[in-house]
Amino acid sequence: MAVEQQVGEASVLGIFRGPAAYVARTPWGPFSALLAAIIIVALGIISGLLLIFWGGITPAPPSSSGQWDISTLFILGTWQVTVIILVLLASARGGGTISSTLALRPPAGGARVYVIAPLLMLALQVVVGIVQYNLTDRDIYVDLRPFVGFAKGSQWPLALAIIGLGAPLSEELLIRGFLLSALARSRLGFAGAALVTTTIWAGLHAGYSTVGLAEVFLIGLFFSWLLWRTGSLRVTIFCHALYNSLVLLTLRFAALPSG
């Protein structure tokens, strides 16, 4: 009753005011969840390897401009589908339900959160962009250039599905849904769990520049804050998907400045 009252109060007071709406309701312990997450990622990688060796799909190395070919999309999509299925199956074990374990309940604050959260994300991105522009003389678009080929090419609808939807679903369900909820029940608490899972999430973007990884880390912390305030992974999935999709569409219809 107390938990439901707390969530109800957060819904009335909005995203900024009142108690946080997040409550970890997973049957998984922190160590078992971490081990399960590692296994899930490994099985995702294996599924991609099977696609290469048995499916006849061979990933080509990036071109001189840093762009990857379409085979990379198929391999990435296979990894995403595998991770999503395994996370959903794991979340339903141990007496839990997918909705409760992954915090897929409606957000506190109601539908207006789906307007406020993207606006906050946009404001954060503007600030980050200004800081990047003023503090570094390196190419600030270096991490986006490998995606230009996907955005400009005929395969862009597939790229939009995989990068704009598959990546947010697989990453949010695994990292901030399944793993964060278990770590939040440990001595780390929510704040410590958010730092650990955001670090892991940034690690999934290995290959980015230092500046790019810092941006990913900040956005990850922001997504964790949204989860904490709204109590719903739906909001982070929505914002993550919107962010990725807008980046890809921008690359399709606008040219990046020369590096």
Side-chain angles (χ1 to χ4, degrees), residues 26 28-49 59 61-62 66 68 72-73 75-87 90-91 102-103 121 124-125 128 131-132 136 138 140-147 162-228 233 236-237 239-241 243-244 247-248:
T26 177
W28 287 79
F31 295 107
S32 58
L34 183 59
L35 178 60
I38 293 173
I39 294 174
I40 288 172
V41 170
L43 290 175
I45 294 173
I46 291 173
S47 68
L49 293 175
W68 296 85
T72 306
L73 285 176
I75 295 170
L76 181 58
T78 301
W79 183 89
Q80 292 169 352
V81 170
T82 303
V83 167
I84 290 171
I85 292 174
L86 292 178
V87 169
S91 300
L102 300 177
M121 181 177 65
L124 174 63
Q125 189 59 43
V128 170
V131 172
Q132 288 179 342
T136 179
R138 300 182 60 184
I140 63 175
Y141 300 103
V142 64
D143 298 311
L144 297 180
R145 297 191 186 280
F147 299 98
I162 291 175
I163 297 173
L165 183 60
L169 274 174
S170 57
E171 294 171 13
E172 294 300 323
L173 289 175
L174 175 63
I175 302 298
R176 271 174 284 274
F178 180 75
L179 187 56
L180 188 147
S181 61
L183 295 180
R185 295 180 58 205
S186 70
R187 294 181 180 180
L188 291 173
F190 185 89
L195 286 172
V196 171
T197 53
T198 298
T199 300
I200 295 173
W201 184 58
L204 293 178
H205 297 78
Y208 278 27
S209 65
T210 302
V211 172
L213 286 175
E215 180 181 353
V216 168
F217 188 81
L218 287 175
I219 293 175
L221 290 180
F222 171 71
F223 287 163
S224 297
W225 177 82
L226 283 179
L227 176 61
W228 181 59
L233 194 71
T236 69
I237 292 174
C239 287
H240 194 162
Y243 177 88
N244 284 15
V247 167
L248 197 70

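The figures here come from the full heavy-atom set of this structure, side chains too, leaving out hydrogens, waters and symmetry mates.
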Should Ile237 and Leu169 be marked as a side-chain contact (heavy atoms from CB on, under 4.5 Å) after you check the CA-CA gap, both sets of side-chain angles, and the distance that decides it? CA-CA 6 Å; Ile237 292 174; Leu169 274 174; 4.0 Å; yes

**OP:** Run the numbers on Val41 and Leu174 for side-chain contact (heavy atoms from CB on, under 4.5 Å), then give the verdict.
**Re:** CA-CA 9 Å; Val41 170; Leu174 175 63; 3.7 Å; yes

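Here the straight-line distance linking atom CD1 of Ile175 with atom OG of Ser181 works out to 11.5 Å at 0.5 Å rounding. Taking OG of Ser170 as the reference point, atom CD1 of Ile40 lies at 11.5 Å (rounded to 0.5 Å). From Thr197, atom OG1 reaches atom CG of Leu227 across 9.0 Å, with rounding to the nearest 0.5 Å. How far CD of Glu171 is from CD1 of Ile200: 12.5 Å, rounded to the nearest 0.5 Å. Taking OG1 from Thr78 and CG from Leu73, the interatomic distance works out to 10.5 Å, rounded to the nearest 0.5 Å.
Between Phe222 and Trp225, the ring planes lie parallel to each other; the angle is under 30°, not in the 30° to 60° tilted range. Under the 30°/60° scheme for interplanar angles, the aromatic rings of Trp201 and Phe223 are found to be tilted.
Side chains of His205 and Glu215 form no contact here, defined as non-hydrogen atoms less than 4.5 Å apart. Within the 4.5 Å cutoff, the side chain of Leu173 has no heavy atoms near those of the Val83 side chain. Using a 4.5 Å heavy-atom cutoff, the side chains of Ile219 and Gln125 are in contact. Looking only at side-chain heavy atoms (C-beta outward), Val142 and Tyr208 stay at 4.5 Å or farther from each other.
Between Leu183 and Ala193 the shortest heavy-atom distance is CB-CB, 3.6 Å. Minimum heavy-atom separation, Pro168 to Ile163: CD-O, 3.5 Å. Here the closest non-hydrogen pair linking Ser47 and Thr82 is OG-OG1, 3.0 Å. Considering all non-hydrogen atoms of both residues, Leu180 and Ser224 come closest at CD1-OG, 4.2 Å. When all heavy atoms are compared, the tightest approach of Phe178 to Leu102 is N-CD2, 3.4 Å. Between Ala167 and Asn244 the shortest heavy-atom distance is CB-ND2, 3.9 Å.
Sorted by first and then second residue, the salt bridge (Lys or Arg N to Asp or Glu O under 4.0 Å) pairs involving residues 173-188 (not counting sequence neighbours) are Glu172-Arg176.
One N or O on the side chain of Gln80 and one on the backbone of Ile162 form a donor-acceptor pair closer than 3.5 Å. In this structure a side-chain-to-backbone donor-acceptor pair under 3.5 Å is missing from Thr198 to Leu195. Under a 3.5 Å cut-off, the side chain of Trp28 and the backbone N or O of Ala36 do not form any donor-acceptor pair.
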